[in-house]
Every structure is written in C-alpha cells, then in structure tokens.
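Heads up: the structure comes next, in structure tokens.
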Amino acid sequence: ETGVTQSPTHLIKTRGQQVTLRCSSQSGHNTVSWYQQALGQGPQFIFQYYREEENGRGNFPPRFSGLQFPNYSSELNVNALELDDSALYLCASSLGLAGLYEQYFGPGTRLTVT
Amino acid sequence: AQSVTQLDSHVSVSEGTPVLLRCNYSSSYSPSLFWYVQHPNKGLQLLLKYTSAATLVKGINGFEAEFKKSETSFHLTKPSAHMSDAAEYFCVVSDPSGGGADGLTFGKGTHLIIQP
C-alpha cells in the first residue's frame, strides 16, 4: 500500500510569484487536507477537499486555493507569494472528513519565499 | 472554537526514565483528541487517539494518554524513555460535531530531548 506522497520536496520562490504543490493520497482515501507549518509552530489547517469539493477552510486568505482530482490527488495553489508563506506544507489523506477519520500525513513540501 | 495548549515547549529526560508531555484543550463539544509525533524530515505519525471511549488510551511505542474532562487535559506519558523517542510531539483536537469540516487544531508542539 502506497502512502501519501508530496512533490516537490523543496522549492524556492520569489515574493509575488505563484506556486503549485501536489499531493497523492493513500489508496482508497477520498479526502485530502492541507496544513501549513511555520518554523517552530504546529501545523495550521488550510482547507480540505472531500470528493473533489472544498469542505472546510481555516483562516487563510483566498490566494490559497486548491483542487482535488477524480483520482483524489490534490493541488495547493498559492498566488502572490509573501515572505510569511515560507513554511512546510503538509497534506493528509483520509477515508473521510478530518476529525472523523484518521489522517495520514505526507512528508511535506518545504517552501522558501525570498 | 477549539484550541490546544501544550504546557512545555521543551522537555528533557534521561533514557530509561518516565516521560510526561502536558496538554490542555478547549472545545465547545465533546472533542476527539490525538497525539502526533514528528521526527526530523519525516511526516507526522499518529501515536494515539481518544474518541469518547475509554479515558485511558494506549498508543504505539509504549505511549499512553489519559483524558480528564474535569481538568480538560490529555497528557501523554511513557514509563521508560528510549533514545528513539527524541522528536517533536503535537497534541491535537478536533470537534466531530462540526462534521469534520474544521480540520485538526494542533498545539505548538513539545520538543522531547532524551539524554543518554
């Protein structure tokens, strides 16, 4: 059974640019959640996708957006990057909505904004 | 709204001695509570979870936690620390009454250091 995978592992972007991060969910899982983990902090919930629709969002601005595809993989898009967007971005997949079902986390994508 | 407070940012213990990582939560409803561990350059791993069944929850690698509603606490313990336990630990709360749409709320983490 393949676990949750994320790509790329690391990337460096310039302020104002746009970035797309990718997540492949664990086999059989229909829900993907995204979290932002700033250095020295706990992860913060960005949003989750359930069966290709956004279902729940944390306190993040609209320039954070996402997609979920029919195979339940997901993308996180961030527009107009700011220095404070530098963080580890984690995705988690599950059999259903976060909090109701166990979340399985990927290793994360480290984003640096300069 | 839900929140989690991890009372210690760093805990240092000697190998073979007990571990105690403290967590207090706030939730409007009966919460689900979790402890996750994060080793360097690895993903978050679920240690254990409480979902309104037994108040003493046993997890992997010898860890356990006790849910105390009167104290709104969910402290993590282990009788004997091992060097491999050195990692970042997160206490996490979720509110199932919201249908899971609010995601997980993480504490700021406790860095566990194991002294040889």
Side-chain angles (χ1 to χ4, degrees), chain A residues 2-7 9-10 23-26 29-51 53-60 64 66 76 87-110, chain B residues 1-10 21 23-25 27-53 57 59-60 76 87-111:
Chain A
T2 305
V4 179
T5 59
Q6 294 185 243
S7 63
T9 305
H10 299 84
C23 173
S24 292
S25 59
Q26 189 162 313
H29 288 186
N30 57 21
T31 304
V32 172
S33 304
W34 286 91
Y35 294 82
Q36 181 195 65
Q37 186 177 15
L39 199 61
Q41 301 294 316
Q44 282 193 287
F45 176 64
I46 302 175
F47 47 55
Q48 71 179 341
Y49 278 81
Y50 173 67
R51 293 186 177 180
E53 292 196 3
E54 185 177 301
N55 188 313
R57 188 179 185 94
N59 189 26
F60 280 81
F64 285 78
L76 165 65
L88 180 68
Y89 288 84
L90 298 164
C91 82
S93 75
S94 57
L95 290 169
L97 295 176
L100 300 177
Y101 292 87
E102 182 173 341
Q103 304 282 291
Y104 293 82
F105 284 84
T109 293
R110 174 76 62 186
Chain B
Q2 58 205 26
S3 66
V4 169
T5 301
Q6 292 186 242
L7 299 171
D8 306 291
S9 60
H10 291 78
L21 305 184
C23 171
N24 288 124
Y25 70 91
S27 178
S28 302
Y29 299 91
S30 295
S32 293
L33 292 160
F34 311 81
W35 276 97
Y36 279 84
V37 61
Q38 187 176 39
H39 290 275
N41 301 317
K42 292 193 176 180
L44 287 158
Q45 182 183 20
L46 179 66
L47 280 177
L48 49 79
K49 61 182 177 182
Y50 166 78
T51 54
S52 77
V57 182
I60 62 171
L76 181 70
E88 194 78 17
Y89 290 80
F90 294 96
C91 183
V92 180
V93 64
S94 73
D95 178 5
S97 68
D102 295 333
L104 303 178
T105 299
F106 284 75
K108 291 187 176 182
T110 296
H111 188 64

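The sequence lines fix the lettering, A, B, ..., with proteins before strands; numbering per chain opens at 1. These numbers were taken from a predicted model, which means no experiment stands behind them. Scope of the values below: all heavy atoms of this structure, side chains included, with no hydrogens, waters or symmetry mates.
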A/R110, part contacting chain B, at a heavy-atom distance under 4.5 Å = neither

Which region of A/Y50, side chain (C-beta onward) or backbone (N, CA, C, O), has a non-hydrogen atom less than 4.5 Å from a non-hydrogen atom of chain B, or is it both or neither?
-> neither

Side-chain touch A/P43/B/F90, heavy atoms, less than 4.5 angstrom | yes

Inspect the surroundings of CG in A/L39 and state if more than 12 heavy atoms from other residues, nucleotides or ligands are less than 6.0 Å away.
-> no

Against chain B, label A/Q6 side chain, backbone, both or neither, depending on which of its atoms sit under 4.5 Å from a heavy atom there.
-> neither

Measure B/L46 against the heavy atoms of chain A and call it side chain, backbone, both or neither at under 4.5 Å.
-> side chain

Could you give the distance from OH (A/Y35) to CZ (B/F106), rounded to the nearest 0.5 Å?
-> 5.5 Å

Test log, rule side chain to side chain contact (heavy atoms under 4.5 Å, CB included), inputs A/L88 and B/Q38 = CA-CA 12 Å; A/L88 180 68; B/Q38 187 176 39; 4.0 Å; yes

So what's closer than 4.5 Å to chain A heavy atoms on B/K49: side chain, backbone, both or neither?
-> side chain

Is A/F64 atom CZ crowded by more than 12 heavy atoms from other residues, nucleotides or ligands, each under 6.0 Å away?
-> yes

Say you draw a straight line from OG1 of B/T105 to CZ of A/F45; how long is it, rounded to the nearest 0.5 Å?
-> 9.0 Å

